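Contents: one structure, followed by commentary.
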Amino acid sequence: MSRYWSKLVKSLTPYVPGEQPKINDLIKLNTNENPYGPSPKVIAALQKEAADTLRLYPDPNSDLLKQAIGDLYGLNINQVFVGNGSDEVLAHIFNALLKHDLPILFPDITYSFYPVYCGLYEIEFETVPLTASFEIKVEDYFRENGGVIFPNPNAPTGCLLTLKEIERLLQHNLNSVVVIDEAYIDFGGKSAVNLVKLYPNLLVTHTLSKGRSLAGLRVGYAVGHPDLIDALHRVKDSFNSYPLDRFAQAGAIAAIKDQAYFEKNCDQVIKTRELLVTSLEKMGFEVLPSGANFIFATHSEYDAESLAESLREYKIIIRHFKKPSRIAQYLRITVGTNEECHSLINVLSSIL
Ligand SMILES: *Cc1c(COP(=O)(O)O)cnc(C)c1O
């Protein structure tokens, strides 16, 4: 703390990302990265981009990338917004579309960046408790609000809502913006993207970090009604005209176009997830049903934090959240390769 800090900065509680330790031979199951590398076509596109043209600014509007995303869903480019990771896209959404007189609503257990954005942009929020089985009940959101946001599947629980439930929420919430954060939708869920054609207050966000194996490139996007997208552009162009550099644009276009590679990887992650769940359940873990590339598990006889610490001694890192206390006995484990998950199971059986 310093007397030179603004009042706002003094009040902030920043988000703490999962660690990226500099340790060799680590089995890294703590930040939901994809265990498989990006498409070879992405690597080729990046190599091509390492050229004299780097002296020139990139396209400030990322039009070719927006076109590729639009083609994927049958949307016009004025229904697409891209940013430096979906975290940046979300930040602009909070600033442009969720800051109104009434508090916004999100679950009590959810992506912990949401309250951080509320702090930064001075947005009031109310949390809505998940059910005892950690599910979102859409009826709980049928009331006046300044906006609604949650991930589907939810994080860090992995629980998935059906499209029918999302649509029911939209039908009861036409007066404010509803944001569905589909960071993990590629691992078996049904996307709400097509609903943006019917609901002018719906925004759906995606990231290339998880399903498309590009956490290091920092690209995310939102799709929605042109008026919502226009609001995001107004904020973006009041903040940074060039959030996506030349590499990010070229790599993301190649990734979006190589649908076959991406689907094959996601299918493999889903298969490994099912194996991991079965093995953990055999060892006495209770695992929440997951529609994501991670699972959320608890063991009635072992303390979650101590388990995470023991695994660390074997160079396996997973994520433990101390707060809220309702999840303090749960562990979030990213689905790695089959080999990584076998190592995890072997080490766990020696610990238990
Ligand atoms: C990972 C994640 C994001 C952010 O993704 P980036 O595109 O890497 O910034 C957004 N929302 C949720 C729920 C996530 O888990």
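What you see is a predicted model, and the numbers here were worked out from it, not measured in a lab. Read the numbers this way: they start at 1 and go in the same order the structure lists the ligands and their atoms.
- The shell of residues lying under 4.0 angstrom from ligand 1, judged by heavy atoms, includes Y184.
- Taking a 4.0 Å cut-off on heavy atoms, E88 fails to register as neighbouring ligand 1.
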Next item on the list: Starting from the C-alpha separation in whole Å, work towards a yes-or-no answer on salt bridge (charged side-chain N to carboxylate O under 4.0 Å, His left out) for K28 and E340.
Entry: CA-CA 9 Å; K28 192 172 178 304; E340 287 173 326; over 6 Å; no

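- Both the backbone and the side chain of S86 come within contact range of ligand 1, each with a heavy atom under 4.0 Å.
- Scanning the protein heavy atoms around atom 9 (O) of ligand 1, the nearest turns out to be R218 NH2, 2.7 Å.
- Using a 3.5 Å distance cut-off with no hydrogens or angles, the side chains of Y184 and N32 do pair a donor with an acceptor.
- Counting only non-hydrogen atoms, the option in S209, A155, P156 that gets closest to atom 8 (O) of ligand 1 is S209.
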Next item on the list: For E309 and R312, run salt bridge (charged side-chain N to carboxylate O under 4.0 Å, His left out): C-alpha distance rounded to whole Å, both residues' side-chain angles, the deciding distance at 0.1 Å, then the answer.
Entry: CA-CA 5 Å; E309 279 166 16; R312 206 187 167 85; over 6 Å; no

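- Closest to atom 14 (C) of ligand 1, if we only count protein heavy atoms, is K210 NZ, 3.0 Å.
- The A183 neighbourhood of ligand 1 comprises atoms 2 (C), 11 (N), 12 (C), 14 (C), with distances under 4.0 Å to a heavy atom of that residue.
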Note to self: Walk me through whether Y121 and Y117 qualify under ring pair (Phe, Tyr, Trp, His ring centres under 6.0 Å).
What the structure shows: CA-CA 6 Å; Y121 295 119; Y117 294 132; 7.0 Å; no

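- The shortest separation from a heavy atom of G85 to ligand 1 is under 4.0 Å, placing the residue in contact.
- For ligand 1, the atoms closer than 4.0 angstrom to any heavy atom of T207 are 5 (O), 6 (P), 7 (O), 8 (O).
- Distances from atom 12 (C) of ligand 1 to the heavy atoms of D181, T31, T110, D87 show the closest one on D181.
- With hydrophobic clusters built from ILVMFWY side chains whose heavy atoms lie under 4.5 angstrom apart, L195 shares a cluster with V80.
- Using cut-offs of 30° and 60° for the angle between ring planes, the F142 and H172 rings count as parallel.
- Remark: side-chain polar atoms of R319 are not paired, donor with acceptor, to backbone N or O of P156 under 3.5 angstrom.
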